[in-house]
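One structure is given here, and the rest of the page talks about it.
Fair warning: this is a prediction, and the values are worked out from it, not measured in the lab. Heads up: numbering here begins at 1 and tracks the sequence.
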Amino acid sequence: MTKSAGSRRHLPSSPFNRQGPASPPPEQFDVGDRVSHDQFGLGRVIGVEGEHAVLIDFSGRQGRILTPFSKLTKL
């Protein structure tokens, strides 16, 4: 009788037992924070929609940025 690959146990130090790197928590923004966006440039946070989106004023042009905030940096 042979065991299937799905029922094998791996040692705790086994490279096959590792799960991918944990993603860091999304950055938190508050109203009034100065931010920089890779595409839109400098702006100021004018609204926060929980952990899902932020509203930003980019010199008169407003934008809604959704999580993950990969292109948005707090200054």
- Task: Among residues two or more places apart or on two chains, list those pairs meeting salt bridge (charged side-chain N to carboxylate O under 4.0 Å, His left out) that have a residue in residues 48-74.
- Result: Asp33-Lys74, Glu49-Arg64

- Can you find a pair of side-chain heavy atoms, one from Leu66 and one from His52, that are under 4.5 Å apart? no

- Inter-residue atom distance His37.NE2 - Ser70.OG, 0.5 Å rounding: 7.5 Å

- Any chance you could pull the hydrophobic cluster mates of Ile56, using side-chain heavy atoms under 4.5 angstrom and chaining through other members? Phe29, Val31, Val35, Phe40, Val45, Val48, Val54, Phe58, Ile65, Phe69, Leu72

- Item | Co-members of Leu75 in a cluster of I, L, V, M, F, W and Y side chains, linked at under 4.5 Å | Leu42

